[in-house]
Amino acid sequence: MFRINRRSLYISISVLLIIIMVYTPFINVCAVSQNNTNISSFKNTIDIPGNASASDADYIPSDAPVINAQSAIVMDIDTGDILYEKAAYTERYPASITKVLTCLIAIQNGNVNDTLTISESVMNQTEEGSSSIGLVAGEQLTLRDALYGMMLNSGNECALSIAEYIGGSTEGFADMMNNTARELGCKASHFVNPNGLQNEEHYTCCYDMALIGIAAYQYPEFKKLISSQSYTIPETNLNEARDLWQENRLIYSGNGEYYYQYSTGGKTGYTTTSLATLISFAERDGRRLVTVVMKCDPTTESYLDTIKLDEFCFNSYKLCKPLFDFDINEKNQNNILVLNNYYNDLNHDLIKYYVNQSYSFYTRSLVKDTDITKRINFYSQPVDNVAGKIEFLYEGKVIGETEITDTVPYVEASSTDALKSIDHEEKPDTTLKEKLIKIIEITIISILVVLSIIVFVLIHKWNAARETKKTVKYYPVKRDIRRNNQKKSKKSDKNNDNSEEKDNKQRIIVLGKDGKEVVNRFKR
C-alpha cells in the first residue's frame, strides 16, 4: 500500500468531477432516448399525427423501409399531405416521366379525336435508337392514338408530334410546360422538351412531379391511359395496325414481385444519366397516393421502392376527419349565445354557424381518434364572416385548425403540418432498445470508473516521482558536504590514533657481548 499524497488526492477528485460533468449529458440523452425511442432518429418522424410540411427537405420516418432511390416522395392525392420524402426537392433529370406533364397539357388543350400529321421536323428531332413506336413523316393518327403511343410505349416521336400540335413547336410547348409547372406550385423544375431526353437544362424534382401527377390524375382520360395494359393503334395511311403494351410492370398481375395490386398506373423513365425514374398512383380503402422515385439503379428497384413506400404509407397512416357529422350549433349553444349577446336588441333570429365537415388530416395509425380533442374559440364578433376557429389537439399540442363561419364554407379536405410539429411516444415494443441502452450505459459507467482509478494511480505515481526528482535536484550539495566532513573526521581520528600509537611505543635496544647494539626496535 502506498501513502496517499494530499495533492494527488485533490487532483484525482478534480479529474473525476470533470469526467462526471462530461458524462452527465450522455446520461440525459440516454434517458430521453428511452422515453422517446431514440430521439435522434425518431424526432419529428415516427408516430406523429398530422402531415408533413412541403417546405422541408426530408421526412423519412424511422420505421420507413430502406429504398434504393436517391430521391422519393409519397403524397396524398386528395389532401396534399406528404407522408414520406427523401431529397424530394433535389433537382433530378426526369427522363420519360416528363411525358406526364406533356399528357396533362395535351388533355387540357387538345381534342383527343383530332388528327395529327407527323412532320419532317418531328422525325428530325427524334433521336435514332430512342424509344419509338415507328411513326414516319406524313403519317396521320389521332391525338388519342399518339397519347397511348407516348404513355404506354414511351414513343418519343409521339411526344414531339403532340407538342407541335398543341404548342406549334417544341420550344412553344416547352414554354407551356414551364408555365403550367409554375401554376401548379413547382419549386425546382425547368423543361425544354416534351419527351424527357437528356438535356442539362431539363430537370425537375420529386415534389414537383407529384404535383404534376396529382393535376393529371384529375382527368379520367389520363387515368384510362396509365391504367391500360395494352392498346391497338388502328391502321393509318402509312402503317398497319400496331399493338402497344404498357411498360409499367406494377399493373401486370403476372409480374411476380413487381406487381402491386393497389396500383392504378404510372409512367416509367430511364436514361443513362437520369437512371430509372417512376411516377405511380395507388388507391386503397378510399385513399389515393402518388409516389415518385428518381435515380434508381437498377431499373427494377424503382418498382420495389414504390411498393415498399406505398405499403408503408397505407399501413402506417390513416386519414382523420374530426368534424364528420359535427354540428357547431348543437354542441356549443352556451358559447354561441354569449357570442350573440350583442344581437339581443335586434329583432331577428340568432346567427347560424358552420364548419368545414370535410376538414381532414393524416395521423399515424396508432393514434386513436378519441385521443384527438377539440378546442373551440369564438371571437367577440365575426370578422369577414369568420366567427372563430376550432383547434385540434393531441397530447396538448395543436395539430390542426379550421374556421367557424357564419356562411357555408367552401368544402374541401385540408392538410396540416402536424406530422412534423409534434413528438409522440410510440407505444409498441421498445423493450429490446431499452435493454441495449441500459447495457451500453452500464458498460460506459464501468469503463469510466476503471479509467478514474487508473488516472488516480497514475497521478499519485507522477506526484511521487516529482517529489523524488525535487529531492535529488536540490539537496546533493549538502549531501556531498556532509560526506566530505565525515571523511575529514575519519582522517583526523586516524592521525590521532597514529600519534598515540607512537607515544605508546617503547624503543628496545639489545647489546651484544662486545657491547655493540644488536636489536633496535619499538615495542608496543
Side-chain angles (χ1 to χ4, degrees), residues 32 34-39 42-53 59 61-64 74-84 283-289 311-339 353-378 387-405 409 411-431 433-434:
V32 173
Q34 290 178 344
N35 292 332
N36 293 282
T37 320
N38 193 356
I39 283 292
F42 283 22
K43 183 175 177 60
N44 296 331
T45 54
I46 185 172
D47 56 26
I48 305 168
N51 92 308
S53 170
Y59 173 61
S62 56
D63 54 344
V74 181
M75 189 182 295
D76 185 277
I77 292 174
D78 299 301
T79 68
D81 289 89
I82 298 172
L83 306 180
Y84 176 98
E283 297 185 15
R284 174 176 159 186
D285 300 330
R287 295 165 53 193
R288 307 188 301 171
L289 304 179
E311 278 295 286
F312 168 74
C313 291
F314 278 132
N315 294 329
S316 300
Y317 298 100
K318 66 178 180 179
L319 192 61
C320 179
K321 292 189 175 183
L323 295 179
F324 184 73
D325 285 340
F326 179 80
D327 189 336
I328 185 68
N329 297 286
E330 290 183 1
K331 301 291 184 182
N332 298 277
Q333 280 296 325
N334 291 333
N335 288 329
I336 289 174
L337 288 174
V338 171
L339 175 64
Y353 294 101
Y354 303 89
V355 293
N356 182 0
Q357 292 185 325
S358 295
Y359 177 83
S360 63
F361 51 81
Y362 267 94
T363 65
R364 291 302 295 260
S365 297
L366 56 88
V367 177
K368 298 178 182 178
D369 290 347
T370 53
D371 292 337
I372 299 173
T373 59
K374 304 179 186 68
R375 182 164 64 197
I376 301 174
N377 301 311
F378 283 100
K389 65 180 179 180
I390 299 179
E391 295 178 321
F392 303 95
L393 295 88
Y394 181 77
E395 293 188 342
K397 297 182 180 180
V398 177
I399 62 174
E401 61 181 43
T402 188
E403 294 178 342
I404 302 170
T405 63
V411 178
E412 63 176 350
S414 302
S415 62
T416 69
D417 290 336
L419 272 180
K420 283 197 170 181
S421 64
I422 299 178
D423 291 328
H424 169 68
E425 181 182 354
E426 188 178 20
K427 303 305 180 184
D429 183 24
T430 57
T431 304
K433 293 177 183 177
E434 291 179 356

Could you measure the distance from the [atom1] atom of [X] to the [atom2] atom of [Y]? Nearest 0.5 Å is fine.
X: Tyr353; Y: Thr405; atom1: OH; atom2: OG1; answer: 10.0 Å
X: Met75; Y: Asp81; atom1: CE; atom2: CG; answer: 9.0 Å
X: Glu403; Y: Ile390; atom1: CD; atom2: CD1; answer: 11.0 Å
X: Leu319; Y: Asp78; atom1: CG; atom2: CG; answer: 8.0 Å
X: Thr373; Y: Leu393; atom1: OG1; atom2: CG; answer: 4.5 Å

**Prompt:** Would Ser358 and Lys321 count as a side chain to side chain contact (heavy atoms under 4.5 Å, CB included) if you check the C-alpha gap in whole Å, the side-chain angles of each, and the deciding distance to 0.1 Å?
**Reply:** CA-CA 7 Å; Ser358 295; Lys321 292 189 175 183; 5.6 Å; no

**Qualifying salt bridge (charged side-chain N to carboxylate O under 4.0 Å, His left out) pairs with a residue from residues 311-320, counting only residues at least two apart or across chains** = Arg284-Glu311, Lys318-Asp369

**Message:** Does Arg375 qualify as a cation-pi partner of Phe392, given the criterion of NZ or CZ under 6.0 Å from the six-membered ring centre and within 45 degrees of its axis?
**Reply:** no

**Request:** May I have the step-by-step check of side chain to side chain contact (heavy atoms under 4.5 Å, CB included) for Leu323 and Lys374, ending in yes or no?
**Result:** CA-CA 9 Å; Leu323 295 179; Lys374 304 179 186 68; 3.9 Å; yes

Would you confirm whether [X], through its side chain, and [Y], through its main-chain N or O, come within 3.5 Å as a donor-acceptor pair?
X: Ser365; Y: Asn315; answer: yes
X: Tyr317; Y: Leu83; answer: yes
X: Tyr359; Y: Glu401; answer: yes

**Item:** Derivation of the side chain to side chain contact (heavy atoms under 4.5 Å, CB included) call for Asp371 and Tyr394
**Value:** CA-CA 6 Å; Asp371 292 337; Tyr394 181 77; 3.7 Å; yes

**Message:** Quick one, Leu289 with Asp76, criterion side chain to side chain contact (heavy atoms under 4.5 Å, CB included). Give me CA distance, side-chain angles, the key distance, then yes/no.
**Reply:** CA-CA 5 Å; Leu289 304 179; Asp76 185 277; 4.2 Å; yes

**Message:** How close do Arg287 and Cys313 get, counting heavy atoms only, and between which atoms?
**Reply:** NH2-O, 3.1 Å

